Structure formats: C-alpha cells, structure tokens
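Step one of this worksheet: look at the structure below.
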Amino acid sequence: MVSPVEILSREIEHHLNAPALVRPCTDPRLGDFQANGVLAAAKQRGQNPRALAEQIVTRLSLADVCEPPEVAGPGFINFRLKPSFVAQQLRSMMSDERLGVAPASPAETIVFDFSGPNVAKQMHVGHIRSTIIGDALARVARYLGHRVITDNHLGDWGTQFGMLIVGWNRFRDDAALQRDPLSELERLYREVNARPELREEARAELVKLQRGDPANRAIWQHILDLSRHAFDEIYEKLGVRFDFTLGESFYNPMLPDVVKELLDCGIARVSDGAVCVFAADQPTPLIIQKSDGGYGYGTTDLATVKYRVENWRPHRIVYVTDARQQLHFKLVFATVRRWLPNPPHLEHVAFGSILGEDGKPLRTRSGENIKLRELLAEAEERALTIATSKNPHLPEDQRREIAQVIGIGAVKYADLCQNRTTDYVFSWDKMLALDGNTAPYLQYAYVRIRSIFRKAGLSVVPVPSQLEFQDASELDLGKHLLRFRDVLYDVLADYKPNWLTAYLYELAGKFTAFYDRCPVLASPEPTRQQRLAMCQLTGNVLRTGLDLLGIRVLEQM
RNA sequence: GCGCCCGUAGCUCAGUUGGAUAGAGCAGCGGAUUUCUAAUCCGCCGGUCGCGUGUUCGAAUCACGCCGGGCGCACCA
C-alpha cells in the first residue's frame, strides 16, 4: 500500500524534478497536505515560485486522490484528500495485516546497542532511558522489515572486580546475598572502597583475575550470574528482550590484537607511554592502551565494532547512550572509519538526563541513585491506587494486572514522549495523570474501543464494502489513520520515538472526538458496520503503535 | 580556556530539518452527561521563541557575537 504522501510526492516530483517536501498542513483549514518543495526549487533556479507552482499544478493528475490543488502564499501547493480516496485507502489498510505499512526497501541489518548496565550494581534511573528508547527504536525498525539485532553490552569487566573480589572474600554475608544480591554486592564494594589499606590487595586480585586464576574467575562468574538474574527480572517487567548479551568481558581476549592492528597500520601511535589514536580535529586522543598496559573501554568498543561487522555484517550500528558520551563515540567512530574497510554507519543516539522536580539530577533524599526496581514498583503501586478508586468493583488480581500495565506504560511513555535530546523532569503526577498526553489516556481510548466490541458480542468485523463519512470527525479520524506508515518511517529516520507518541496521542484524541459525536452500536446499518470497522482499525493502530513503544494495552481499566 | 547540548505560554514540553497567523498538555476560568467506560469532550485565558546583528521572498529553526543553564575535555566506564 502506498501512502497519500508518497502518491502526492511522486506525482509532484515527476513534474518538478526536485524534492516535493510534502508535509501535513500547518493549518487544517488550508488542506490536508502541503508541498513546500516548489519554493526551494524556484529559488535554486531563479524562477518566480508562485508562477512555477501554478505551472506545476496544471500538470498534476490527481483527480482520484484529491480536490483540485491550490497554490497559496508565496508558492505552497495545498491538497485536500477526497473522501472517496480516504475511504478506499482505509479499506485497503483494514484488509492488510501490516496496517498499510510496506516493509522498508532495501531492508538493512541494524544493530541496536542499548541498556548496558554495570554488573554488581543495581540498575537505576540512569539506565531507564537507554533501555526504553533503545527497545522502542529496535521495535520500530523490526516492524519496518529491517533485520534487527539487539545487543546488551554489559559492563562486566574492569577494575571494580579487584575490589569486589576482596570484598567477596573478606566481608561477604551469604544470607544478605541470598536476599538481595545486588545490594550486598554494592555493600561489598563500599566496604573495600572505604579501606585504603586494601587497595593493594584489590589490585593484586584484579591481576589474578585477568590472568585467569580459577578461584577469582569463579567469583567473577558468580557475580555475573547474580547480576544477570537481577537484570532479567527488570527486563521481564519492562518487556525488553535482547538477541545477544555480549558484555565487555567477551571482547577482552581480542583487545591485544586490536591494539596491534592499529599500531601496525599506523593509525595508532605511542604518546606519553600510552597507545593513542589522534583524530585530525580533536585535541584529545582515544587511548587504546594505557601506559601501564591496561585497556580502557575505548579499546573494547573498537573490538566490539569489529566483532559485529565480522559476524553480523550490519549496515548500521546504533548506540543509545546518554549525551555525555558524545566525545567518546566521536573518537571511536572516527577510528573505525579509518580502520575497517567499508565500515557500517555508526550512530550515537544521545539523550539527556533525568532531572528531579528541583531541576537537579534525580536522586533520593539521601543523595543516592533511585533504583529502577523501586521506581517500577512505585509506578505500579500508584497505578493500583488509581485503578482501585476508579473501579473498586473489579477483582483484585485484575486490578493488579491493570496497575502493572498502566504503571509500567506510564513510566515508558513519559520518557518516550519527549524529544530525547533534552533533559527531562521526572514527575509521578504527570506521568500517571488521567488526562493529557499520557499512556493511560491512550490505553483508555483502546479500552473504549474494546468495550464497544464486547458489548456488540463481536471479536472482529469484516472490511465493509463501502465507507461513508457522515460526520467531520469520521473523515478527520480516517485521514489521520492513513498517516501511520509515514510516521513510523520518520521515527526511525531521526530516531525520534516522540513522533510516534505525538501521532498516537492525536489519534486517540481524534478517536474520542469521533466517539463523542458518532454512535456506533445504536446506528442503523450499514453505518453501524462501517463505524465498527473504523473502531477496529483505530484499535489495531493504537495497539500496534503502543506495542512498538513497548507499551501494552488492556481490555478493561 | 576549548568543545558539545540547551534556553519557546505561569509550569512541563512539541515544533518533520528555512515556510503560511508559533502549537499541545498541565494549572486557571467557563460549559457539556436519558447514548457504546466521564481515566471523557467543548470553549476561554495565556508568547519580545534568552538578547542583538546578519543571511533572504521568508528565521524559533541557519551564521556571528553576547547573557544564562547543563555536560564533556589522555590513561574510570
């Protein structure tokens, strides 16, 4: 299925020989779509934009698609879709399992690298954005037909293990470890860190670990297992899955070769005792081997790219991490481009910090990072309170199910609905609000749709042979549904999940306007069947869209 | 000191890459319910897009300079 934007663009570009730049109209009174491309083309050619637009308009043959296009302002072309065309497009969307979203061509292999928590530490709010944004983008890419590989690059190797092993040997409390492994591991780290006299011992244990000492290796493995188990509980709750979890330790054996290669081909050189890669325009180098012979995470990142390239042959690797690592990735990417032949596109999808309502980085009152596990538990608890007050008659297990879907969905949506590049202020009240641009609002719209079907005793309705729009809100809803495909492509092109949330929020709004004005079940045939079909399609788009954000829907709430 | 990001309504934020009269939500005010879940809908109020100069048919968007905030800058990740 071809979207309205594509149809308009092709026809315009056929006559303009330049990008049509078709966008939804800034003001719906002007039409449904506007083409901005004539202005740019006219400027480039030194022509009068208005005259060029008039000329193009006379040549367009879009009589089946829209009303006669109008030239407006300095040279915009405005288009208003014909209801008959909208109806026809909607009907083909209804009969398409993919909701009119044609798979990307060509399909790419894309690696998404996100989440990446450090072992032996609890996941905290700092990990939530990477995990949620990365998961959503991967889902969108997969839906668009790309071959997607998600990889959780765990911080499971490094100097902290010297301390942890000393703590493990000297201070371990097995009962506490049983109860809450990560809290206990954090305590062990703090115990050792607070004792400067143990520093030498920690260094020695680290060296033993790195040399493959079986006892230390076993402790490390145990710590890794405990951590991964704890992470999995959180990923399970969030509904996030990874195709691979290849942590830093996996690449450790490859690091000497990476350094050797880069030295051999002259990309790296020794400076102040460290092996460095200097980029032309950067004052600071990427250090790939420290003067003491150790390796930093830059070397690991290089080895990781190489491994991925050799094993998965990706077109793109997308790193979803916070904006502070920008310089680091710039250096790594620059090195890769000089090092590997035909390197993949490397993208750093950066995001801002989560702030408290005081505008400072979000922390507990005592100044610690807020644990993700506790945050999610609180979200569910707050959602349960609301669900109980709204629907006290529902059985408790159902209210708990609702609370889980609403609570987790609210946390995710609050994060996804903002432009990821800016910092965002975390607020329970806003994310769980019953109205406004929130997950519960969208989930509620879906529930209302399901309720209609429940009341009608139907599970699905067939595609109607005709669609008529009696009320303006029906046509408005229909036109918005047709934009789903374009939105998904835009989301992936700029890695901006907030465009999908904005679309779905508008969709829910247009649906509720329709719901308010257009009775469904009480309408006579064939209106009843047609409206049921519109409800069904809206529900499918809402459910699919939310699913691409990693957010679940409910039958009742 | 150098670099990156940001500054839009009282608050939280959009703004599709230079397009038309800058949009939402919240808060505030006013309305709507014999109808499919009111966790709803409709209306009103609210702006020197940090400031200035420039680029051009056109700037919240691009360039330069200020002001203010955040972050990063050789051996932590």
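Letters go in sequence order (proteins before strands), and every chain restarts at 1. Keep in mind the model is a prediction, meaning the values are calculated, not measured.
- Among the protein residues, Tyr295(A) comes within range of the sugar-phosphate backbone only, with heavy atoms under 4.0 Å from sugar or phosphate atoms but none that close to a base.
- Ring-plane geometry between Tyr319(A) and Phe333(A) is classed as tilted, the angle between the planes lying from 30 to 60 degrees on a 0 to 90 degree scale.
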Exercise for review: Give the C-alpha distance, both sets of side-chain angles, the deciding distance and a yes or no for ring pair (Phe, Tyr, Trp, His ring centres under 6.0 Å) between Phe511(A) and His480(A).
Suggested key: CA-CA 10 Å; Phe511(A) 173 76; His480(A) 195 70; over 10 Å; no
Per-residue pairing states of RNA chain B in dot-bracket (Watson-Crick or G-U under 3.5 Å; . unpaired, | other strand) read (((((.(..((((.....[...)))).(((((.......))))).....(((((..]....)))))).)))))....
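- Rounding to whole angstrom units, CG of residue Leu30(A) and C1' of G19(B) are separated by 12 Å.
- Taking only side-chain atoms of Ala387(A), from C-beta outward, the nucleotide of G18(B), C36(B), A39(B) with the closest atom is A39(B).
- Contact annotation for Gly158(A): no contact, since no heavy-atom pair falls under 4.0 Å across all strands.
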May I have the list of side-chain donor-acceptor pairs in residues 530-539 of chain A shorter than 3.5 Å, sequence neighbours left out?
{"residue": "Gln530(A)", "atom": "OE1", "partner": "Glu468(A)", "partner atom": "N", "Å": "2.9"}
{"residue": "Gln530(A)", "atom": "NE2", "partner": "Gln466(A)", "partner atom": "O", "Å": "3.2"}
{"residue": "Arg531(A)", "atom": "NE", "partner": "Glu474(A)", "partner atom": "OE2", "Å": "3.1"}
{"residue": "Arg531(A)", "atom": "NH1", "partner": "Pro519(A)", "partner atom": "O", "Å": "2.8"}
{"residue": "Arg531(A)", "atom": "NH1", "partner": "Ser523(A)", "partner atom": "OG", "Å": "3.2"}
{"residue": "Arg531(A)", "atom": "NH2", "partner": "Glu474(A)", "partner atom": "OE1", "Å": "3.3"}
{"residue": "Gln536(A)", "atom": "OE1", "partner": "Val461(A)", "partner atom": "N", "Å": "2.8"}
{"residue": "Gln536(A)", "atom": "NE2", "partner": "Val461(A)", "partner atom": "O", "Å": "3.0"}
{"residue": "Thr538(A)", "atom": "OG1", "partner": "Met534(A)", "partner atom": "O", "Å": "2.8"}

Enumerate donor-acceptor pairs with a distance under 3.5 Å from any side-chain N or O in residues 403-414 of chain A to protein atoms, sequence neighbours excluded.
{"residue": "Lys412(A)", "atom": "NZ", "partner": "Leu238(A)", "partner atom": "O", "Å": "2.5"}
{"residue": "Lys412(A)", "atom": "NZ", "partner": "Gly550(A)", "partner atom": "O", "Å": "2.7"}
{"residue": "Tyr413(A)", "atom": "OH", "partner": "Asn437(A)", "partner atom": "OD1", "Å": "2.5"}
{"residue": "Tyr413(A)", "atom": "OH", "partner": "Thr501(A)", "partner atom": "O", "Å": "3.2"}

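- Nucleotides A14(B) and C57(B) are separated by 32 Å at their P atoms, to the nearest Å.
- The Ile386(A) side chain lies nearest to A39(B) when the options are C41(B), A39(B), C6(B).
- Here Asp486(A) lies out of heavy-atom contact (under 4.0 Å) with every strand.
- Of the possible polar contacts, one joining the Asn152(A) side chain to the Gly116(A) backbone as a donor-acceptor pair under 3.5 Å is found.
- Comparing U16(B) with C4(B), their C1' atoms sit 23 Å apart, to the nearest whole Å.
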Under a 4.0 Å heavy-atom criterion, the protein footprint on nucleotides 28-35 of chain B, written with B, S and -, is --------
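- Distance NZ (Lys496(A)) to C1' (C13(B)): 13 Å, rounded to an integer number of Å.
- In this structure, His153(A) has its ring center closer than 6.0 angstrom to the ring center of Tyr251(A).
- Base engagement by Gln34(A) is indicated by at least one non-hydrogen atom pair under 4.0 Å involving a base atom.
- For the P atom pair drawn from C51(B) and A60(B), the interatomic distance equals 11 Å after rounding to whole Å.
- The base of A74(B) sits within donor-acceptor range of the side chain of Ser271(A), with an N or O pair under 3.5 Å.
- Aromatic ring orientation, Phe250(A) versus Tyr307(A): perpendicular (interplanar angle above 60°, classes split at 30° and 60°).
- Among the protein residues, Leu21(A) comes within range of no part of the nucleic acid, since none of its heavy atoms lies under 4.0 Å from any strand.
- Backbone-only engagement by Tyr424(A) is indicated by non-hydrogen atom pairs under 4.0 Å involving sugar-phosphate atoms exclusively.
- Within 4.0 Å of Arg454(A), counting heavy atoms only, lies at least one base atom of the nucleic acid.
- In this pair, Phe76(A) lays its aromatic ring flat on the base of A20(B), centres within 5.5 Å and planes under 30 degrees apart.
- At the heavy-atom level, Asn78(A) lies under 4.0 Å from base atoms of the strands shown.
- Rounded to whole Å, the separation between the C1' atoms of G65(B) and G46(B) comes to 33 Å.
- When the side chain to side chain contact (heavy atoms under 4.5 Å, CB included) test is applied to Val275(A), the partners found at least two apart in sequence or on another chain are Val259(A), Leu263(A), Ala268(A), Val270(A), Ile288(A), Gln289(A).
- Look at Tyr505(A) and you won't find any side-chain N or O under 4.0 angstrom from OP1 or OP2 of G23(B).
- No engagement by Glu506(A) is indicated, since no non-hydrogen atom pair under 4.0 Å with the nucleic acid exists.
- In this structure, Asp292(A) reaches neither bases nor backbone, as no heavy-atom distance under 4.0 Å exists between it and the strands shown.
- The side-chain hydrogen bond (donor to acceptor under 3.5 Å, both in side chains) pairs that include a residue from residues 506-515 of chain A are Tyr441(A)-Thr512(A), Asp476(A)-Lys510(A), where partners are two or more places apart or lie in different chains.
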